[in-house]
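Below is one structure, written out as structure tokens, with a few remarks after it.
Each ligand, and each atom within it, is numbered from 1 in the order the structure gives.
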Amino acid sequence: MLQYTVQNRFLKYVTIDTQSDPDSQTTPSTQKQKDLGHVLVAELLEIGLQDAHLDEYGYVYATVPANTDKAVPVICFCAHMDTSPDCSGENVKPIVHANYLGQDLVLPDDPSVVIKLKDHDDLQHQIGNDVITASGTTLLGADNKAGLTVITDACRQLMDHPEIKHGAIRVLFTPDEEIGRGVDKVDMGKLAADFGYTIDGESAGTIENETFSADGAQLVITGISSHPGFAKGKMESAIKIAGKILTELPAKLSPEKTAAKEGFIHPVYISGHVEQAVIDFIIRDFDDEKLEAHAKVIRQVAESVLKDFPHASFTLKIHQQYRNMKQMLDKHQQVIDYGMEAIRRAGLKPRLRSIRGGTDGSRLSFMGLPCPNIFAGEHAFHSRQEWVSVQDMQKAVDTILHLCSIWEEKS
Ligand SMILES: [Zn+2]
């Protein structure tokens, strides 16, 4: 029987505010993320990971040395330290609802925040478990402090149980994942891992091998300005052109009309005056060809609208954000197969899923580290209703331990 330390570790990590800031230009975006980095390094050193350290950019690296003579690929387990800028992460007061029995969880610091079984499907699997929530005024930070917790406890188990045979296991904790910069400053040479797993998923038993492919697009419209009193037949307002383009984009290609494997075009920012207007879009799809087709839709709509404005013009610039990790994972099927087997050995039914978003793993997969995402038990992230169960985190620890064994067995 393993003795787990997930509950105490998790309760400690969530009380450290690590909110990232998209408006900051520094790495990490907020220095307070290093406060947690220092705590994690101290814990990893105490466990016996002698090379554990925090670098100048706020990344934590550490290694569990191999304890087998076999040549086993180096496996990296990755989680992020920051919490979402969308919801306060200051002064988080975690509450353990021991032996949850399906009741409404009323959060005391704001009783209008009530976590109900009927709103959270996965709560039905938590009867008898210990569910942790925040107190009503902040997020909890299970995204992704549950991942940090699970990886740290798994490292401790590996050090305490030499009978579990494994190759070198690399730990990577990143800052700034929530603002899309989680892997900007990863030292891939230092990491020197062959395959990776982010531990940042939702329901127990899930493994995610697909993310969106993502592009950003900027449409700049140049209109014709004129004194409004004498504008007849002359003025071509960039503001009105921008409005017309937005209304003529296909409604079915919007976030609010799409789900599952459907992609979308989403205007996220607009600014302008008569002479010039700028619209920023994000474009998402699982399929790169469809992603390109969505960009063409923006161009076609702009061309068509501009027919009524013969002196106005536009430019459209597309820039790549990240790509669907499946393109890389399909070349290394064993990464997923072993993940599924590890989940099975942990006593769960493995479920393969796709993410309508990106992860640190989507970019790592294209930086040479194929990296699907495994559950950490996080739920309702980026909100005051966020919750996680102690038992799901324990299952994630078991999954990591089995995964380490499986890579050794198959080598
Ligand atoms: Zn996350």
Side-chain angles (χ1 to χ4, degrees), residues 6 9-10 13-14 16-22 27-30 32-33 36-37 40 58-60 76-89 92 94 120 122 132-134 138-152 154 171-186 196-212 214 284 321-322 324-325 339 353-365 369 371-389 392-393 396-397 399-400:
V6 292
R9 286 184 202 279
F10 182 79
Y13 303 162
V14 296
I16 302 169
D17 178 7
T18 56
Q19 191 177 50
S20 50
D21 174 8
T27 309
S29 67
T30 51
K32 58 191 177 185
Q33 296 180 63
L36 177 56
L40 291 163
Y59 290 73
V60 173
C76 172
F77 292 99
C78 175
H80 64 89
M81 292 180 282
D82 64 320
T83 61
S84 169
D86 296 344
C87 185
S88 171
V92 172
H120 297 261
D122 267 346
I132 305 177
T133 69
T138 65
L139 50 62
L140 174 62
D143 174 13
N144 183 217
K145 287 164 181 168
L148 303 172
T149 299
V150 165
I151 293 170
T152 304
V171 173
L172 173 66
F173 296 149
T174 61
D176 294 338
E177 191 265 1
E178 297 289 0
I179 56 171
R181 302 187 213 149
V183 299
D184 281 6
K185 301 277 186 186
V186 175
Y197 296 88
T198 50
I199 308 295
D200 193 14
E202 195 177 19
S203 312
T206 53
I207 175 166
E208 292 159 324
N209 69 332
E210 268 206 89
T211 58
F212 273 145
R284 299 289 185 263
Q321 292 179 324
Y322 56 85
N324 185 345
M325 59 161 78
R353 282 195 184 161
S354 49
I355 314 172
R356 289 178 63 78
T359 63
D360 273 350
S362 14
R363 284 177 62 206
L364 286 171
S365 293
L369 189 75
C371 193
N373 187 37
I374 288 181
F375 73 94
E378 312 158 10
H379 287 82
F381 20 84
H382 305 189
S383 83
R384 295 188 286 166
Q385 302 220 352
E386 194 181 8
W387 61 269
V388 68
S389 85
D392 281 359
M393 288 194 282
V397 172
T399 300
I400 290 181

Practice problem: List in chain and number order the residues that pass salt bridge (Lys or Arg N to Asp or Glu O under 4.0 Å) with D184, two or more places apart in sequence or in another chain; answer none if no residue qualifies. | Solution: R363
Practice problem: Please confirm if an N, O or S atom belonging to D143, backbone or side chain, lies less than 2.8 Å from the Zn ion (ligand 1). | Solution: yes
Quiz item: Which single N/O/S atom of D200 lies at minimum distance from the Zn ion (ligand 1)?
Solution: OD2
Quiz item: Is the Zn ion (ligand 1) less than 2.8 Å from an N/O/S atom of E178, whether that atom is in the backbone or a side chain?
Solution: no
Self-check item: Plane angle bin for H379 and W387 - parallel if under 30°, tilted between 30 and 60°, otherwise perpendicular
Solution: parallel
Self-check item: Qualifying residues under salt bridge (Lys or Arg N to Asp or Glu O under 4.0 Å), relative to E202, sequence neighbours excluded
Solution: none
Quiz prompt | From CA spacing to verdict: side chain to side chain contact (heavy atoms under 4.5 Å, CB included), I374, F77 | solution = CA-CA 10 Å; I374 288 181; F77 292 99; 5.6 Å; no
